[in-house]
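Proteins come first, then strands; the chains are lettered A, B, ... in the order of their sequence lines, and each starts at number 1. Any value given below was found using the heavy atoms of this structure, including those in side chains, with hydrogens, waters and symmetry copies removed. Small disclaimer: the values here were computed from a predicted structure and weren't measured.
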Amino acid sequence: MDTCGSRSVNKKDGAEDRALRWTQTFIPTLKEDPAEAQVPSHRLMVRAGLIRQLVAGAYTYLPLGLRALHKAIRIVREEMDRAGALEILMPAIHPAELWQETGRFADYGDTLMKVRDRKGALLVLGPTHEEVVTDLVRNHINSYRQLPVIFYQIQTKFRDEPRPRFGVLRTREFLMKDAYSFDVDVPHLNQSYERMYQAYCRIFDRCGLKYVVVEAESGPIGGEASHEFMVLADTGEDALVECERCRYAANLERAEIGEGDTPPPALNEKQLRKVHTPGRSTIEQVSGFLQCLPQQMIKTLIYLADGEPVAVLVRGDHEVNENKLRRVLGASRIELADPDTIQRVTGAPVGFAGPTGLRLKMLADRAVMLISSGVTGANEADYHLVGVQPGRDFQPDRVADLRVASDGDSCPRCSGTLRLRRGIEIGHVFKLGTKYSAKLGANYLDEKGQSHPIIMGCYGIGINRILAALIETSYDAKGIIWSVSLAPYQVLVLPLNVANAELMRTAERIYRELMEQGIEVLLDDRDARAGFKFNDADLIGLPLRVVIGEKGLQRGEVELKWRHQAQSFTVPVEQAASRAASEIRSALQRLA
RNA sequence: CGGGGUGUAGCUCAGCUUGGUUUAGAGCGCUUGGUUCGGGACCAAGAGGUCGCCGGUUCAAAUCCGGCCACCCCGACCA
């Protein structure tokens with residue numbers, strides 16, 4: 001590109017600091033909110049000139065956004081290296097056959113992006129890389145002497161999401177740090193896992209994020225244990241619970257519930273009695289019709305566990321947690337039964353099933369057993385039973401924690417209370433075990449020459465989400481409030497009047513001195529009014545602002561202001577750069 | 001995939017119901033000149049649009065009808 005063309009208005013600028021002068025870089029700020037942006041991070045990232053959308057779920061990172069992204073990448077890379085993980089770079093295009101080997105070609109379904117090459121061969125755009133690393137390892141690692149090893153990469157992933165949304169929070173193309181550990185046995189896996197877990201804590205601490213670590217379901221990736229790193233935000237897509245008293249926290253998909261359920265008020269019905277409830281099949285309809293509370297009702301759901309029908313009882317105001325159900329039953333596949341099956345096993349249409357007289361394997365949530373007199377379906381169309389007493393009128397085969405936790409439930413670990421929160425998932429660590437190594441034949445030979453599948457773990461971080469999550473939790477009415485560690489630049493030098501030569505000389509000097517001290521600085525050399533520049537400064541949210549104005553200069557002073565603080569302070573001109581530099585250094589120190 | 005919404009200038013939107021005085025508009029942004037200059041200034045003159053695409057109705061379509069596409073929202077789904 002020709003840099004000497006029409007844009008070189010400021011002739012004194014060399015190419016070397018182009019990115020450091022506002023007039024020479026590209027920061028397209030917007031005064032108005034973009035119509036499509038719903039959440040704060042999306043709105044502000046667009047308005048502050050960090051990103052622009054190309055299609056649904058794919059964004060261009062502009063210079064400011066890219067700088068912040070690079071900051072996050074750098075922190076992640078430093079901590080991965082420090083934890084002893086080895087950086088590699090795997091391809092984004094994978095042969096479909098590799099995915100068919102593990103069965104995930106089918107499991108991933110439409111989320112997998114597929115392309116055909118010129119020969120007609122089917123390729124997959126990698127949504128994650130278990131298959132590819134495991135293929136690498138099976139071909140090149142075969143001895144216990146080569147273990148343990150952790151590989152990681154920072155690479156673009158592709159997932160054809162059913163619904164990309166919330167700006168950079170859920171996209172079809174995104175940057176992910178994915179790491180994979182390989183160990184000889186579970187104790188060693190646990191060590192690798194712990195190492196990654198600690199590295200994640202350091203990464204997110206350094207980013208300045210406030211996060212909680214929650215116990216999580218491992219999802220379709222499989223495995224036995226997993227934790228998610230969540231940034232609490234009302235706009236987050238994930239629901240989780242957090243104990244008010246102890247450190248217990250879990251994704252809602254996983255959250256256990258303590259035994260402290262309080263029984264609902266008893267009905268006035270002591271005897272079992274059949275009542276006519278024409279056309280009332282939902283909890284809402286029946287409780288309204290019979291003038292009872294939903295929590296006095298017993299909801300009877302017929303599930304198919306690996307094809308076998310089972311009855312699952314929960315209180316009317318509760319929901320079944322299918323993950324818990326699957327685990328309790330030891331089943332691999334759980335689904336709600338179809339209407340035909342329900343008619344066949346209960347003798348009634350959907351909405352009238354009940355435990356009394358039901359000849360089926362029956363599981364009940366603990367809260368159900370505390371109902372002293374309840375309402376439930378009569379296994380007969382248009383009839384319900386009232387005065388139902390667990391133990392007397394039915395006896396489940398098993399009582400367990402089967403429901404989705406809700407706000408106010410008791411903590412499974414202490415006597416505290418669980419609170420429902422929303423969060424943004426920024427990192428996830430899993431113990432995979434041998435799921436992939438067994439399928440792909442990634443084995444090692446032990447000291448005795450015996451072959452075993454390698455024990456794996458996998459560890460992901462959504463790099464783009466780090467930025468979005470930070471902004472989502474750190475902004476005000478004026479704009480973004482960056483942490484020092486992720487900010488695209490650390491200091492903004494803002495001369496108020498670029499036409500004043502002496503003032504500009506001072507600004508340039510402070511700017512040079514800051515650069516010499518290794519501080520990342522942006523000089524707002526635009527010929528614009530003060531208010532305009534202040535508003536843009538607040539919008540892009542650089543941590544420290546140095547304002548050089550005529551009045552201050554007459555007193556020999558410049559103004560320093562932290563973006564996150566309301567008050568500014570003045571320092572003598574000659575100390576401005578060193579003071580700003582030391583402020584930044586100590587702020588960085590606090591995050592390290 | 002189901003339901004809803006929106007596509008008009010770089011951005012935010014009006015105009016569409018009731019087709020023709022609209023030669024397609026406003027504000028912001030952009031260009032030029034001037035006045036201003038510590039919290040999104042003012043005046044003047046400009047540049048910028050196949051009204052998402054294709055077809056239909058009509059003497060006449062941004063406006064009515066049909067189809068398609070894109071984007072957004074709710075749900076389902078999902079790291």
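Base pairing annotation: A61(B) forms no Watson-Crick or G-U wobble pair, as no partner gives both donor-acceptor distances under 3.5 Å. Pairing of C68(B), defined by two Watson-Crick or G-U wobble distances under 3.5 Å, is identified with G52(B). Pairing partner, C77(B): none, since no Watson-Crick or wobble contact has both distances short of 3.5 Å. Across every strand in view, U23(B) sits unpaired, with no contact that passes the Watson-Crick or G-U test at under 3.5 angstrom. Nucleotide U17(B) forms a pair with no other nucleotide shown, judged by Watson-Crick or G-U wobble geometry with both contacts under 3.5 Å.
Surrounding CD of Q565(A) are more than 12 heavy atoms belonging to other residues, nucleotides or ligands, all under 6.0 Å away.
A distance of about 9 Å separates the C1' atoms of G15(B) and A24(B), rounded to the whole Å. A41(B) sits 47 Å from G66(B) when the P atoms are compared, rounded to a whole Å. For the P atom pair drawn from G67(B) and G2(B), the interatomic distance equals 15 Å after rounding to whole Å. Between U63(B) and A9(B), the two P atoms lie 15 Å apart (nearest whole Å). Rounded to a whole angstrom, the distance from the C1' atom of G52(B) to that of C72(B) is 15 Å. For the C1' atoms, the distance from C68(B) to U58(B) is 23 Å, rounded to whole Å. Comparing the C1' positions of A45(B) and U57(B) gives a spacing of 44 Å, expressed to the nearest Å. Only the P atoms considered, U50(B) is 8 Å distant from G10(B), to the nearest whole Å.
R545(A) comes within contact range of at least one nucleobase, with a heavy-atom separation under 4.0 Å. Across all strands, G549(A) comes closer than 4.0 Å to base atoms (heavy-atom distances). Within 4.0 Å of N535(A), counting heavy atoms only, lies at least one base atom of the nucleic acid. Residue contacts shown for E425(A) are limited to sugar-phosphate atoms, with no base heavy atom under 4.0 Å away.
When the P atom of A79(B) is taken as reference, atom CD of Q155(A) falls 18 Å away, rounded to whole Å. In this structure, L492(A) places its CG atom 18 Å from P of G38(B), rounding to the nearest Å. One atom, CG of L494(A), and another, P of C37(B), lie 18 Å apart when rounded to the nearest Å. Taking atom OH on Y180(A) and atom P on A79(B), their separation rounds to 14 Å, with Å as the unit. Atom CG in L496(A) sits roughly 15 Å away from atom C1' in A41(B) (whole-Å rounding). When the P atom of G39(B) is taken as reference, atom NZ of K31(A) falls 15 Å away, rounded to whole Å. The distance from atom CG of D33(A) to atom C1' of G27(B) is 16 Å, rounded to the nearest whole Å. Atom CZ in F532(A) sits roughly 12 Å away from atom C1' in G39(B) (whole-Å rounding).
Nearest to the side-chain atoms of Q53(A) among the listed nucleotides C71(B), G40(B), A79(B) stands C71(B). Taking every side-chain heavy atom of E36(A) into account, U12(B) is the closest of U12(B), G75(B), G38(B). The side chain of D538(A) lies closest to G39(B) when the candidates are A79(B), A76(B), G39(B). Distances from the side chain of A56(A) to the nucleotides G39(B), C72(B), A79(B) place C72(B) closest. Considering only the side chain of A530(A), G38(B) comes nearest among G38(B), C71(B), A79(B). Closest contact between the side chain of A35(A) and the listed nucleotides C71(B), U12(B), G39(B) involves U12(B). Comparing atom distances between the R165(A) side chain and each of G38(B), C74(B), G39(B) picks out C74(B) as nearest. Comparing atom distances between the P34(A) side chain and each of A79(B), U12(B), C71(B) picks out U12(B) as nearest. Among the nucleotides G27(B), G40(B), C13(B), the one closest to any side-chain atom of E32(A) is G27(B).
The residue among D238(A) and G531(A) whose nearest nucleotide of RNA chain B lies closer to the 5′ end is G531(A). Between K533(A) and N497(A), it is N497(A) whose nearest contact on RNA chain B lies nearer the 5' terminus.
The structure places CD1 of I466(A) at 9.0 Å from CG of L470(A), a figure rounded to the nearest 0.5 Å.
Using cut-offs of 30° and 60° for the angle between ring planes, the H227(A) and Y197(A) rings count as perpendicular. Y193(A) and Y459(A) have tilted rings, their planes meeting at an angle from 30° to 60° on a 0 to 90° scale.
Each of Q153(A), H428(A), H129(A) was compared with D178(A) under the side-chain hydrogen bond (donor to acceptor under 3.5 Å, both in side chains) criterion, and only Q153(A) meets it.
Between Q38(A) and the phosphate of C74(B), there is no side-chain N or O to OP1/OP2 separation shorter than 4.0 Å. Note on R52(A): every side-chain N or O is 4.0 Å or more away from OP1 and OP2 of C11(B). The shortest distance between the side-chain N/O atoms of R465(A) and the OP1/OP2 oxygens of A79(B) is not below 4.0 Å. One finds a side-chain N or O of R529(A) lying less than 4.0 angstrom from the OP1 or OP2 phosphate oxygen of A41(B). An OP1 or OP2 oxygen of A79(B) is reached within less than 4.0 angstrom by no side-chain nitrogen or oxygen of R159(A).
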(request) Walk me through it: do L523(A) and W22(A) pass the test side-chain contact (heavy atoms from CB on, under 4.5 Å)? (result) CA-CA 6 Å; L523(A) 177 67; W22(A) 201 307; over 6 Å; no
- Message: Apply side-chain contact (heavy atoms from CB on, under 4.5 Å) to residues E472(A) and I424(A) and explain how you reach the verdict.
- Response: CA-CA 9 Å; E472(A) 202 64 42; I424(A) 298 164; 3.8 Å; yes
Step-by-step side-chain hydrogen bond (donor to acceptor under 3.5 Å, both in side chains) determination, N323(A) to E253(A) = CA-CA 7 Å; N323(A) 299 302; E253(A) 294 167 355; 5.1 Å; no
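Residue ring and base: F430(A) does not count as stacked with A79(B) (centre distance below 5.5 Å and interplanar angle below 30° not both satisfied).
Because its NZ or CZ atom is not both nearer than 6.0 Å to the ring centre of F534(A) and within 45° of the ring axis, K478(A) does not count as a cation-pi partner of that residue.
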